[in-house]
Student: 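Structure below; questions to follow.
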Amino acid sequence: MLSGKRILLVITGGIAAYKSLILIRRLRERGAAVRCVLSRGGANFVTPLSVAALSHEKVYQDQFSLVDEAEMGHLRLSQEADLVVVAPATADILSKMANGIADELATTVLLAAAAPILIAPAMNHRMWNHPATVANLDLLEARGVARIGPMDGSLAEDETGTGRMAEPEQIVTAIEAHFRQSARLAGLKALVTSGPTYEAIDPVRFIGNRSSGKQGHAIARALAALGADTTLVAGPTAEPDPSGVTVVHIESAREMLAACERALPVDVAVCAAAVSDWRTADTAGAKIKKMGTPPDLALTENPDILKTLCEAGNRRPRLVVGFAAETEHVVANARAKRERKGCDWIVANDVAPATGTFGGSDNTVHLVTAEAVEDWPRMTKQDVATELADRIAARLAPAEDTAE
Ligand code: CTP
């Protein structure tokens, strides 16, 4: 049921827009209040009158209506929603969302939205598979936008392929799942570290590593999607900041530790960062010049953030999860690491160059706990994150846990 939930439905210009009329009815039947924004393109496919009649609300169209702005500004419109649903989501709106374009009310509302966003894409299969759409979608998903579909089947103009909008019932199921999921870790605080650290040698050089931050950022997104108040302490990466997450950008291991300590107390900490084990004992104040012989870089050990969190006494998070990046004897090394660091769980991953894990989209992991070792099948880093967040919710909030 969706009683009391406020859904802002953005209808954009695709032939599937007629199904959004059914979606409005299904959502209202389940008790949701549905307010609709019709894009200029959407108005070519469905009339404002039908949308208004079905939603029992005024329909919001282009932002340049002064009367509308006076009645209900675009900011209020986007902020008075528990969930924003874009159905159908055309290739055009995905591109505008990815690029932050606000050229009409629909796009402005999406740019200003504080609530989570769910998209139901619908387009021709060639548009769906175009590298531009793929890149836009990757970016939107990395920022935390959720998606249902598109489905396979017959498309407009007698073509078949992937591009059909999900059926209204499937969208309703996804919306219900969203609300169920987003309550699981509500009221709990999570801390995630992600990416590499850079340890300055001089103002232009540093010691770093190949970590992309993909896995850690995905975990922060997954915990936030379950409703946890999430802080992500991120080293330098190309990953976008996930929406709905407090992101603290740092460079060095010592900065990462300080940011983590400031975030305490939390209920769960997940240390996915590839922290540089060493830094130079002294950072040169000016660029080190070539002097005939290579400089002698004395190294010193960095603080161990995971271990520090585990030993934080009464500030120790209830659940501490570490990662073990290994290139050989993955499980055995991870078991030993779990005991040495004092964490509850270790996610062990094989980062040997042949696996393509560092920088890649997939991961093969083993979940090592005090009781067991689980071998997870190879899956995307996003799926590893979703699965891990699910385990965390089951451990921390089993009573309220309503997930299936
Ligand atoms: N870690 C940390 N601070 C450090 C080093 C590691 O918080 N200074 C955390 C990582 O985020 C990860 C876990 O410890 O969760 C294991 O990291 P890994 O690099 O695999 O282990 P190391 O302790 O560096 O051990 P080794 O390099 O000897 O395998």
Side-chain angles (χ1 to χ4, degrees), residues 190-200 206-220 222-223 230-237 239 248 250-264 266 268-281 299-312 315-317 319-353 355 357-359 363-370 373 381 384-385 388-389 391-392:
L191 168 66
V192 180
T193 69
S194 181
T197 62
Y198 285 180
E199 311 298 331
F206 59 84
I207 300 170
N209 62 68
R210 296 182 196 280
S211 169
S212 65
K214 283 197 169 97
Q215 186 64 80
H217 279 57
I219 291 167
L223 290 168
T230 306
T231 300
L232 170 66
V233 181
T237 79
E239 286 292 294
V248 184
I250 54 79
E251 284 221 333
S252 69
R254 285 184 296 174
E255 288 166 1
M256 183 173 271
L257 176 62
C260 287
E261 286 180 328
R262 276 197 304 274
L264 293 180
V266 296
V268 55
V270 181
C271 293
V275 184
S276 177
D277 289 325
W278 309 282
R279 65 176 186 276
T280 50
L299 298 179
T300 185
E301 203 163 304
N302 264 331
D304 190 316
I305 297 156
L306 175 62
K307 201 158 191 282
T308 309
L309 291 175
C310 290
E311 292 168 354
R315 283 160 68 82
R316 184 193 193 278
L319 184 64
V320 184
V321 184
F323 268 71
E326 305 291 343
T327 53
E328 54 184 0
H329 312 301
V330 178
V331 171
N333 283 346
R335 273 200 170 116
K337 201 168 274 183
R338 195 190 74 80
E339 301 216 340
R340 206 167 57 240
K341 306 256 187 179
C343 57
D344 303 290
W345 299 349
I346 280 260
V347 180
N349 56 350
D350 189 342
V351 294
T355 64
T357 300
F358 257 151
N363 212 348
T364 309
V365 307
H366 313 268
L367 181 66
V368 180
T369 67
V373 176
K381 289 180 178 176
V384 169
L388 185 64
R391 299 302 180 90
I392 290 170

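Counting starts at 1 for both ligands and their atoms, in listed order.
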Student: Quick check on contacts: which atoms of ligand 1 are under 4.0 angstrom from a heavy atom of Ala273?
Tutor: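 Here the atoms of ligand 1 in question are 10 (C), 11 (O).
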
Student: Using a 4.5 Å cut-off on heavy atoms from C-beta on, say whether the side chain of Val268 contacts that of Pro317.
Tutor: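 A side-chain contact is absent here, since even the closest heavy-atom pair is not under 4.5 Å.
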
Student: Has the side chain of Ser276 got a donor or acceptor atom that lies under 3.5 Å from a matching backbone atom of Tyr198?
Tutor: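 It does not hold such a pair.
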
Student: Say whether Pro303, considering both its backbone and side-chain N or O atoms, lies within less than 3.5 Å of an N or O atom on ligand 1.
Tutor: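 N/O-N/O distance below 3.5 Å exists for this pair.
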
Student: Number the atoms of ligand 1 from 1 as they appear, then name those within less than 4.0 Å of a heavy atom of Cys271, with their elements.
Tutor: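 This gives 11 (O), 12 (C), 15 (O) as the contact atoms.
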
Student: Does any non-hydrogen side-chain atom of Arg279 lie less than 4.5 Å from one of Leu299?
Tutor: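 Side-chain contact under 4.5 Å: no.
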
Student: Regarding ligand 1, does Phe323 bring an N or O atom to under 3.5 Å of one of the ligand's N or O atoms?
Tutor: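 Yes; at least one N/O pair falls below 3.5 Å.
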
Student: Search all heavy atoms of Ala334 against all heavy atoms of Ala324 and return the closest pair with its distance.
Tutor: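 Heavy atoms only, the tightest pair is CB-CB, 4.0 Å.
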
Student: Report, in ascending order of atom number, the atoms of ligand 1 lying under 4.0 Å from any heavy atom of Gly322.
Tutor: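 Near Gly322, meaning under 4.0 Å from one of its heavy atoms, ligand 1 has 15 (O).
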
Student: For Leu306 and ligand 1, does the shortest N/O to N/O distance drop below 3.5 Å?
Tutor: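 For ligand 1, there is an N or O atom that lies under 3.5 Å from one belonging to Leu306.
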
Student: Grab the two heavy atoms, one from Leu264 and one from Ala312, that are nearest each other, plus how far apart they are.
Tutor: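 Closest pair (atom of Leu264, atom of Ala312, distance): CD1-CB, 4.5 Å.
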
Student: Just distances here: any N/O of Lys337 and N/O of ligand 1 closer than 3.5 Å?
Tutor: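 Yes - when backbone and side-chain N and O of Lys337 are compared with those of ligand 1, one distance drops under 3.5 Å.
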
Student: I'd like to check atom 19 (O) of ligand 1 in this structure: does the protein have a heavy atom lying under 4.0 Å from it?
Tutor: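 No.
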
Student: Tell me if a side-chain donor or acceptor on Arg254 pairs with a main-chain N or O of Asn302 at a distance below 3.5 Å.
Tutor: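 Checking the backbone N and O of Asn302 against the side chain of Arg254, no donor-acceptor pair under 3.5 Å is found.
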
Student: Have Asn349 and Glu326 got a donor and an acceptor in their side chains that come within less than 3.5 Å?
Tutor: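 Judged by distance alone, the side chains do not pair up.
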
Student: Tell me: protein heavy atom nearest atom 4 (C) of ligand 1, and distance?
Tutor: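 Among all protein heavy atoms, the one nearest atom 4 (C) of ligand 1 is Val275 CB, 3.5 Å.
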
Student: What protein heavy atom sits nearest atom 3 (N) of ligand 1, and how far off is it?
Tutor: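 Here the closest protein heavy atom is Ile305 N, 3.0 Å.
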
Student: Identify, by atom number and element, the atoms of ligand 1 in contact range of Ala325, meaning under 4.0 Å from any of its heavy atoms.
Tutor: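 Reading through ligand 1 atom by atom, the close ones are 20 (O).
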
Student: Side chain or backbone, does Thr193 bring an N or O within less than 3.5 Å of an N or O on ligand 1?
Tutor: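 Such a contact does not occur with ligand 1.
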
Student: Starting from atom 24 (O) of ligand 1, which protein heavy atom do you reach first, and at what distance in Å?
Tutor: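 Going by distance alone, atom 24 (O) of ligand 1 is nearest to Asp277 OD1, 2.9 Å.
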
Student: Please name the residue in the list Lys214, Gln215, Lys381 that meets the side chain to side chain donor-acceptor pair (under 3.5 Å) test with Asn363.
Tutor: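 By the side chain to side chain donor-acceptor pair (under 3.5 Å) criterion, Asn363 pairs with just one of Lys214, Gln215, Lys381: Gln215.
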
Student: Would you say Ala253 contacts ligand 1, with heavy atoms under 4.0 Å as the rule?
Tutor: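 Heavy atoms of Ala253 never come under 4.0 Å of ligand 1.
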
Student: For Ala274 and ligand 1, does the shortest N/O to N/O distance drop below 3.5 Å?
Tutor: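 Such a contact does not occur with ligand 1.
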
Student: For the residue pair Thr280 and Ala200, what are the closest heavy atoms and their distance?
Tutor: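 For Thr280 versus Ala200, the nearest heavy atoms are OG1-O, 3.1 Å.
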
Student: Measure the shortest side-chain to side-chain distance between Leu309 and Lys307 over non-hydrogen atoms and say whether it is less than 4.5 angstrom.
Tutor: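 No. Closest side-chain heavy atoms not under 4.5 Å.
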
Student: Under 4.5 Å between any side-chain heavy atoms of Val321 and Ile346, yes or no?
Tutor: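 Of all side-chain heavy-atom pairs linking Ile346 with Val321, none is under 4.5 Å.
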
Student: Considering only the protein, which heavy-atom contact is closest to atom 28 (O) of ligand 1, and what is its distance?
Tutor: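 Atom 28 (O) of ligand 1 sits closest to the protein heavy atom Arg340 NH2, 4.6 Å.
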
Student: Of the listed options (Glu326, Arg338, Lys341), which comes nearest to atom 22 (P) of ligand 1 when hydrogens are ignored and any heavy atom counts?
Tutor: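 The option holding the nearest heavy atom is Lys341.
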
